[in-house]
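One structure below.
No experiment lies behind these values; they were computed from the predicted model shown.
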Amino acid sequence: MACMKLGSKTDAFQRQGQAWFCTTGLPSDVVVEVGEMSFHLHKFPLLSRSGVMERLIAEASDEEEKCSICLPDIPGGAKTFELVAKFCYGVKLELTASNVVYLRCAAEHLEMTEEYGEGNLIVQAETFLNQVVLRNWKDSLRALQTCDDIISYADELNITKRCIESLAMKASTDPNLFGWPMMEHGGPMQSPGGSVLWNGISTGAKPKNTSSDWWYEDASNLSLPLYKRLISVMESRGIRQEIIAGSLTFYAKRYLPGLYRRQGANDSNSSTCLAPVASGAPLSEEDQKILLEEIDRLLPIQKGLVPTKFLFGLLRTAMILRASPSCISNFEKRIGLQLDKATLEDLLMPNFSYSMETLYNVDCVQRILEHFLAMDQITGGASPCSADDGQIIGSPSLTPITMVAKLIDGYLAEVAPDVNLKLPKFQALAASVPDYARPLDDGLYRAIDIYLKSHPWLSESDREQLCRLMDCQKLSLEACTHAAQNERLPLRIVVQVLFFEQLQLRTSIAGCFLVSDNLDGSRQLRSGFTGSTEGGWASAVRENQVLKVGMDNMRLRVSELEKECSNMRQEIEKLGRVKGSSTWGNVSKKFGFKLKSQMCSAQEDSVSNQKNGSGKIEKLKGKAQEKHKS
């Protein structure tokens, strides 16, 4: 830390308890009371340097020989007046970044101008402040921190503003452009050529570039009022929004411990430069709430400025601290702008309301999704339907709306077991996702199945209404196989699933025929090269035989399904004629289905799994015949 030496005399001040004495050999003729400290001094050194002391001593001397003066409002208190007294006596002292603001304000308060002696304290303090402190980042920061205690005096003298302007200028300038000798942030000394110096000798090595976040930690040491003023000046100087947002993120992570309650220690998405910094006493809940609302006001509402996980942390903390509704709404909007970057863990926010209707805050996720969809419409998000279905499923980079649809389906599956989750709320969230956003409805089917399992008291009409959310045509073959044996689904849905399963089987068979034709054609083309490719040809023949066997089995399966489905329709029509107004609900109660414990694995051979469907249809036929006989 830079310093400036004043005075030349040896220190003649001694402290005894709560009193200071000047041991010059002359008896004290004035006592100055500053707070709880008493200074036993001499009149002449004080009145020769200070206009205020001159008037006070003159007034007090009229009453008694040894006068007593009280200075209750001197900036910096007794510690600063001790330095002022030493300056008046010409005793050695040092001006530093830690005391120059106190001394400058105290000198102004005591009217220590050039009228009362050349090189008085005001001039000395101003010279050191302008020529040394404000030219150095660390010293400017330290001087600004001392302004907190005497902010009104510092503002009146524009010291606070000058320190902030100095810091903002340095933070907005690339430190890599400073070169030698301006290396004041812990970096190595450099020669005029830019190489690193070791013991004054050039090593030839080039220093590493300094990143734009080098000032984050230092700025986080400021109090919130001073930090706000610094950020405002930086914005006015045109510093990029992402740099401002990075500093706000660092500041919030330092003083809001609630942001880390759910963040894992091995979180790969967290940046090392934004790690929490150990600080002093934690803020009270009220102070944290004030800080959170200020972060909301300072943080721009713009996509991608800060990590999505950090925004969810701010939102959770705002809910816990009961921040203002506008603050919570703004955080939800920011998350909505980049919801496609969120994870399922981020969405699983506990419900902090007093009512505790549901375990998770489903209403909040609904609002976030609405913000995302509104922004997606404004920006003209691409519809997945504009591309070929096969390209969508196999594409490594999904569109944001498709990623959000997958995320919401996963969230629905997580909250579905909550028995307090009402059907309208579940339906509203599931229906909010546009149909084109889901290339497949497997995730939605899984969520619906879990909800039906956890809410067995739902009526048949409610079950049908819930199942209408999914499109049976967009279920994969594995999902169709599972749904065909799911006793929780309404019979009408099961029939639709069986019908579309047949269509998928036909599509698969057509694909197998196409592969077979391609293999036959390639065999003819390679017939002239059997000598050099005997091994490869034998392998192709075996694959062709396997495919033909698979096609025969699939063709037989489709024929059986068509026949058995026709028989089932006839049995149902007979039941309708016998019972008259029997409903699908009555039929589904009579026609029991055995639940398959888990969905078929995607790696299982689709042909070998078809025998389960045959057994299911046989059971349907048998139970329908028993009902008809009865």
Short question: side chain of [X], backbone of [Y] - any donor-acceptor pair under 3.5 Å?
{"X": "Gln338", "Y": "Gly304", "answer": "yes"}
{"X": "Thr146", "Y": "Ala143", "answer": "yes"}
{"X": "Tyr89", "Y": "His42", "answer": "yes"}
{"X": "Arg322", "Y": "Ser324", "answer": "no"}
{"X": "Gln288", "Y": "Leu321", "answer": "no"}
{"X": "Arg367", "Y": "Gly336", "answer": "no"}
{"X": "Ser172", "Y": "Met169", "answer": "yes"}
{"X": "Ser166", "Y": "Leu134", "answer": "yes"}
{"X": "His109", "Y": "Tyr153", "answer": "no"}
{"X": "Asn130", "Y": "Glu126", "answer": "yes"}

Mind checking the [atom1]-[atom2] spacing from [X] to [Y]? Nearest 0.5 Å is all I need.
{"X": "Thr96", "Y": "Asn99", "atom1": "OG1", "atom2": "CG", "answer": "3.5 Å"}
{"X": "Met4", "Y": "Leu129", "atom1": "CE", "atom2": "CG", "answer": "11.5 Å"}
{"X": "His40", "Y": "Ser68", "atom1": "NE2", "atom2": "OG", "answer": "9.0 Å"}
{"X": "Tyr411", "Y": "Leu347", "atom1": "OH", "atom2": "CG", "answer": "7.0 Å"}
{"X": "Leu167", "Y": "Leu230", "atom1": "CG", "atom2": "CG", "answer": "6.0 Å"}
{"X": "Glu165", "Y": "Ser140", "atom1": "CD", "atom2": "OG", "answer": "11.5 Å"}

If you count the non-hydrogen atoms of other residues, nucleotides and ligands that lie under 6.0 Å from [atom1] in [X], is the total more than 12?
{"X": "Gln366", "atom1": "CD", "answer": "yes"}
{"X": "Gln18", "atom1": "CD", "answer": "yes"}
{"X": "Glu114", "atom1": "CD", "answer": "yes"}

Checklist entry - Please walk me through it: do Leu47 and Tyr116 pass side-chain contact (heavy atoms from CB on, under 4.5 Å)? => result CA-CA 8 Å; Leu47 60 85; Tyr116 295 91; over 6 Å; no

Pairing of [X] and [Y] as salt bridge, 4.0 angstrom limit:
{"X": "Asp218", "Y": "Lys170", "result": "no"}
{"X": "Asp11", "Y": "Lys92", "result": "no"}
{"X": "Arg104", "Y": "Glu108", "result": "yes"}
{"X": "Glu54", "Y": "Arg49", "result": "no"}
{"X": "Glu294", "Y": "Arg297", "result": "yes"}
{"X": "Lys289", "Y": "Glu285", "result": "no"}

Any side-chain heavy-atom pair from [X] and [Y] closer than 4.5 angstrom?
{"X": "Val365", "Y": "Ile408", "answer": "yes"}
{"X": "Ile159", "Y": "Leu144", "answer": "no"}
{"X": "Ile368", "Y": "Leu315", "answer": "yes"}
{"X": "Leu157", "Y": "Cys105", "answer": "yes"}
{"X": "Val84", "Y": "Leu121", "answer": "yes"}
{"X": "Leu305", "Y": "Pro300", "answer": "yes"}
{"X": "Ile151", "Y": "Leu226", "answer": "yes"}
{"X": "Pro350", "Y": "Asn361", "answer": "no"}

Next on the checklist: Walk me through whether Tyr255 and Asp287 qualify under side chain to side chain donor-acceptor pair (under 3.5 Å).
Outcome noted: CA-CA 10 Å; Tyr255 296 106; Asp287 290 338; over 6 Å; no

If every non-hydrogen atom of [X] is compared with every non-hydrogen atom of [Y], which pair is closest and at what distance?
{"X": "Leu373", "Y": "Ser432", "result": "CD1-O, 3.1 Å"}
{"X": "Gly76", "Y": "Ile150", "result": "N-CG2, 4.0 Å"}
{"X": "Phe352", "Y": "Arg316", "result": "CE1-O, 4.2 Å"}
{"X": "Val100", "Y": "Phe128", "result": "CG2-CD2, 3.7 Å"}
{"X": "Leu224", "Y": "Tyr251", "result": "N-OH, 3.3 Å"}
{"X": "Leu314", "Y": "Leu256", "result": "CD2-CD1, 4.1 Å"}

Checklist entry - Are Met37 and Lys79 close enough, and set up right, to give a side-chain contact (heavy atoms from CB on, under 4.5 Å), and what steps lead you there? => result CA-CA 9 Å; Met37 192 69 67; Lys79 189 174 182 180; over 6 Å; no

Next on the checklist: Test salt bridge (Lys or Arg N to Asp or Glu O under 4.0 Å) on Arg15 and Glu82; report intermediate values, then the result.
Outcome noted: CA-CA 11 Å; Arg15 179 174 178 176; Glu82 176 194 345; over 6 Å; no

Checklist entry - Yes or no on side chain to side chain donor-acceptor pair (under 3.5 Å) for Thr402 and Thr399, after CA distance, side-chain angles and deciding distance? => result CA-CA 5 Å; Thr402 304; Thr399 60; 2.7 Å; yes

Item to check | Test side-chain contact (heavy atoms from CB on, under 4.5 Å) applied to Thr343 and Leu407, step by step | outcome: CA-CA 7 Å; Thr343 64; Leu407 181 66; 5.5 Å; no

Next on the checklist: For Phe21 and Phe13, I'd like to know if the aromatic rings sit close, meaning centre-to-centre distance below 6.0 Å.
Outcome noted: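 Judged by ring-centre distance (under 6.0 Å), Phe21 and Phe13 do not meet the cut-off.
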
Between the side chains of [X] and [Y], does any donor sit under 3.5 Å from an acceptor?
{"X": "Thr249", "Y": "Tyr216", "value": "no"}
{"X": "Thr113", "Y": "Asn120", "value": "no"}
{"X": "Ser152", "Y": "Asp155", "value": "no"}
{"X": "Arg254", "Y": "Asn221", "value": "yes"}

Next on the checklist: Walk me through whether Glu33 and Ile69 qualify under side-chain contact (heavy atoms from CB on, under 4.5 Å).
Outcome noted: CA-CA 6 Å; Glu33 302 285 345; Ile69 298 173; over 6 Å; no

Checklist entry - Taking the inter-plane angle between the rings of Phe39 and Phe81 on a 0 to 90° scale, is it parallel (under 30°), tilted (30 to 60°) or perpendicular (over 60°)? => result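 Ring orientation, 0 to 90° scale: perpendicular.
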
Checklist entry - Would Ser220 and Tyr227 satisfy side chain to side chain donor-acceptor pair (under 3.5 Å), going step by step from the backbone distance to the final call? => result CA-CA 7 Å; Ser220 69; Tyr227 178 76; over 6 Å; no

